[in-house]
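The chains referred to below are lettered A, B, ... by the order of the sequence lines, with proteins before strands, and numbering in each begins at 1.
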2 protein chains.
Amino acid sequence: MEQDRPADRKFGKTAKYPKIPEATIRRLSNYLKALDDLETKSEKVASSALIASICSVNAAQVRKDFAYFGEFGIRGMGYNVKDLRYHIKEILGTNREWRIAIIGIGNLGSALLMYKGFLKQNYKIVAAFDQDPVTVVGHISEKMGKPIEILHIDSLKEVVKARNIEIGLIATPPASAQTVAAQLVDANVKGIMNFAPTQIKVPPNVVLRNVFFTSALDNLVYYLSR
Amino acid sequence: MEQDRPADRKFGKTAKYPKIPEATIRRLSNYLKALDDLETKSEKVASSALIASICSVNAAQVRKDFAYFGEFGIRGMGYNVKDLRYHIKEILGTNREWRIAIIGIGNLGSALLMYKGFLKQNYKIVAAFDQDPVTVVGHISEKMGKPIEILHIDSLKEVVKARNIEIGLIATPPASAQTVAAQLVDANVKGIMNFAPTQIKVPPNVVLRNVFFTSALDNLVYYLSR
DNA sequence: TATTGTGAAGCCTTTCACAGCA
DNA sequence: TGCTGTGAAAGGCTTCACAATA
């Protein structure tokens, strides 16, 4: 599919993208949060120094991160908050809706199902699956205004196709995570977020990201210990 | 407090630690998960190549990461799974119990309260707070065998002291996160994990880590978009 | 023989410092 | 004047390649 890409602004339609540091992508997401807050406060313009201070990074870093994708600032002034916010969403790809399925509707799965943060972004959870939908239905509908139907995991492939789902969130117990990942891959999902505390393998054409709560705690504790 | 440190094995009691890459610490946590799995399978010995393959990293990287802290391997053989696991826990500081409070008992907070992954590690949630404990009590106790009492946020400082709590998990709506963080700091908590999707500030003597679900998704989506 | 531990090379990322510009 | 955009320097991390050794 031939389409406009954010960095076309800088590199043209045919040029190769330069390699963007993974760390830059992570920071982009933080800058976006900062800009959301600034826009809420009706701030029109923000300097790299201001953004840097909110996100606890170096100002030159902020400018360099943006400069990978184009010239978004005005010398002597700073960055237009609204425009910059638009550009970053375009770069990240969050300027369009992403349709998501959650697999495993235990405590964590239902918390994710209800997570307000997703609604504010373009992340739309359009299906929920469990191995035993009957036991969890009451659990969910009790907590929701408009209850979502919990589907049996066996219908995964069919529903992913019918509902144009591109991303799967795994929130099952660790023992089931690899099996579910394989089912998601088989259903042609393009990306997987794994919340189960175990390493899983997927083919190279599927993008996998892990969110391990205990790893984040391990990291915290390491720095507390010295 | 003068105590044995993991790296004393390598650097001696008085020597300065070398600077350990933050990335190494993150990987240590992954290696530990891999070793847990290997021990479950009754594997006695693991080579750096095996551990590397499980964690999707380079084998030299694995060896170098361990070598920051000592010589744990046997040339020609590999690493003793049980010993290595012990050493990594010692390095991370997860060889002792850490007492944790959760603040904000909505969907996410109660999911964290029930999260099985914490129990298996030395992470013990010993208090739960909310602005309005009455509305959430039923919500929690319904889901737990042994219900935990939800306390009012005003008792935070007192309870943190009484129960020797060192870490606070913020699971409130984003608007309350900064206020709660300040209360935790005031209560002399040493570390904070922030699950609320907003940047918060704490003094430099408090260790802060963020877990932003939407950031992880933003990252995934960036790579899906090209 | 097999695999660790590690110096050195290579690569990548961050920061500095200042030219360029509104 | 003030702040961006960026080349160059500095710093840090990963990988290579091989000596050390159980």
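- Counting only N and O atoms by type, the side chains of Tyr31(A) and Asp36(A) include no donor and acceptor under 3.5 Å apart.
- In the model, Asn219(B) has a side-chain atom that pairs as donor or acceptor with a side-chain atom of Arg209(A) under 3.5 Å.
- Using a 4.0 Å cut-off between charged nitrogen and carboxylate oxygen, Glu43(B) and Arg85(B) do not count as a salt-bridge pair.
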Margin query: How would you summarise protein contacts on nucleotides 16-22 of chain C per nucleotide, using B for base, S for sugar-phosphate only and - for none, with heavy-atom distances below 4.0 Å?
Written below: BB--BBB
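- Each of dG5(C), dT4(D), dT15(D) was ranked by its minimum atom distance to the side chain of Glu71(B); first place goes to dG5(C).
- When the nearest nucleotides of DNA chain D are assigned to Ser47(A) and Arg27(B) by heavy-atom distance, the more 5′-ward of the two goes with Ser47(A).
- The residues Lys41(B) and Glu39(B) are annotated as not salt-bridged, no charged nitrogen and carboxylate oxygen being separated by less than 4.0 angstrom.
- The residue Ala59(A) sits apart from the nucleic acid: no heavy atom pair falls under 4.0 Å.
- Spacing between atom CZ of Phe72(B) and atom C1' of dT3(C) amounts to 17 Å, rounded to whole angstrom units.
- Using bins of under 30°, 30° to 60° and over 60° for the plane-to-plane angle, the ring pair His87(A)/Phe72(A) lands in the parallel bin.
- Using a 4.0 Å heavy-atom cutoff across all strands shown, Ser48(B) reaches sugar-phosphate atoms only and no base atom.
- The separation between Asp65(A) atom CG and dT13(C) atom C1' is 10 Å, rounded to whole Å.
- Cation-pi check for Lys33(B) over Phe212(A) is met; the charged atom lies under 6.0 angstrom from the ring centroid and within 45 degrees of its normal.
- If you take CD1 of Ile20(B) and C1' of dG11(D), they are 16 Å apart, rounded to a whole angstrom.
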